[in-house]
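Each remark here refers to the structure printed beneath this line.
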Amino acid sequence: VQLQASGGGLVQAGGSLRLSCAASGRTYSTYTVGWFRQAPGKEREFVAAINYSGLSIAYTDSVKGRFTISRDGAKNTVYLEMNSLKPEDTAVYYCAAGGYLLSRSRYDYTFWGQGTQVTVSS
């Protein structure tokens, strides 16, 4: 499975962005997909995850109510809709796939995309 993350950019606080994670490989639709982010000097942290069916979803507390994860099986793509962005959301965002259970741990994900930069100005 190869993952391609896109959609990052520079946005003002309060703005919105939609990240996409497009995948190749027939087994992608059977995997849980997660979004993680890493700010300079910080550990990579969990943001959101969605299981293969889309019926099980998890978010880190700091993005609940602002971010929405979804997946389109026909397009082999997982999205992260980010609204009400804050400067503290600034980071490189990575998508990852792996496993069948919803997980917040980066060690449970096998395949990783290259990352897309999100910068939120105040």
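All values below were derived from every heavy atom in this structure, side-chain atoms included, with hydrogens, water molecules and symmetry-related copies excluded.
- The closest side-chain donor-acceptor pair between Ser103 and Asp108 falls under 3.5 angstrom.
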Test side chain to side chain contact (heavy atoms under 4.5 Å, CB included) applied to Val11 and Thr119, step by step = CA-CA 6 Å; Val11 64; Thr119 303; over 6 Å; no
For Leu80 and Arg18, what are the C-alpha separation, side-chain angles and deciding distance, and is it a side chain to side chain contact (heavy atoms under 4.5 Å, CB included)?
CA-CA 6 Å; Leu80 185 69; Arg18 187 176 79 159; over 6 Å; no
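- Counting all heavy atoms, side chain and backbone alike, Gly115 lies closest to Val92 at CA-CG1, 3.9 Å.
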Donor-acceptor list for residues 33-42 side chains, cut-off 3.5 Å, not counting sequence neighbours:
residue : atom : partner : partner atom : Å
Arg37   : NE   : Glu45   : OE2          : 2.6
Arg37   : NH1  : Asp89   : OD1          : 3.0
Arg37   : NH1  : Tyr93   : OH           : 2.9
Arg37   : NH2  : Glu45   : OE2          : 3.3
Arg37   : NH2  : Ser62   : OG           : 3.4
Gln38   : OE1  : Arg44   : NE           : 3.3
Gln38   : OE1  : Arg44   : NH2          : 3.3
Gln38   : NE2  : Lys42   : O            : 3.1

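- With a 4.5 Å cut-off on side-chain heavy atoms, Arg71 and Thr77 do not count as touching.
- What you find for Ala91 and Gln117 is that their closest heavy atoms are O-NE2, 3.5 Å.
- Atom CG of Leu3 and atom OH of Tyr109 lie 11.5 Å apart (nearest 0.5 Å).
- Taken from CZ in Arg66 to OH in Tyr59, the straight-line distance is 12.0 Å, to the nearest 0.5 Å.
- Residues Ala23 and Val1 come closest through the heavy atom pair CB-CG1, 4.3 Å.
- For the pair Leu17 and Val118, the minimum side-chain heavy-atom distance is below 4.5 Å.
- Note that CG of Leu10 and OG of Ser121 are 5.0 Å apart. Values are rounded to the nearest 0.5 Å.
- The aromatic rings of Tyr31 and Phe111 are tilted relative to each other, their planes meeting at an angle between 30° and 60°.
- Cluster annotation: Phe46 and Trp112 are assigned to the same hydrophobic cluster (Ile/Leu/Val/Met/Phe/Trp/Tyr, side-chain heavy-atom contacts under 4.5 Å, transitive).
- Checked by atom type and distance alone, the side chain of Asp72 never pairs as donor or acceptor with a backbone atom of Asn76 at under 3.5 Å.
- Heavy-atom minimum distance, Ser16 versus Ser84: OG-N, 4.4 Å.
- Here the side chains of Asn83 and Leu85 are not in contact, with every heavy-atom distance at 4.5 Å or above.
- Between the Thr116 side chain and the Gly8 main chain, a donor and an acceptor come within less than 3.5 Å of each other.
- Of the inter-residue distances, the one linking Thr32 atom OG1 with Ile57 atom CD1 reads 11.0 Å to the nearest 0.5 angstrom.
- Note that OG of Ser122 is 14.0 Å distant from NZ of Lys86, once rounded to the nearest 0.5 Å.
- Val63 and Leu19 fall within a single hydrophobic cluster, where Ile, Leu, Val, Met, Phe, Trp and Tyr are joined by side-chain heavy atoms under 4.5 Å apart, directly or via other members.
- Contact annotation: the side chain of Ile69 never approaches that of Tyr79 to less than 4.5 Å [non-hydrogen atoms, C-beta and beyond].
- Of the possible donor and acceptor atoms, none in the side chain of Ser20 sits under 3.5 Å from a partner among the backbone N and O of Ala22.
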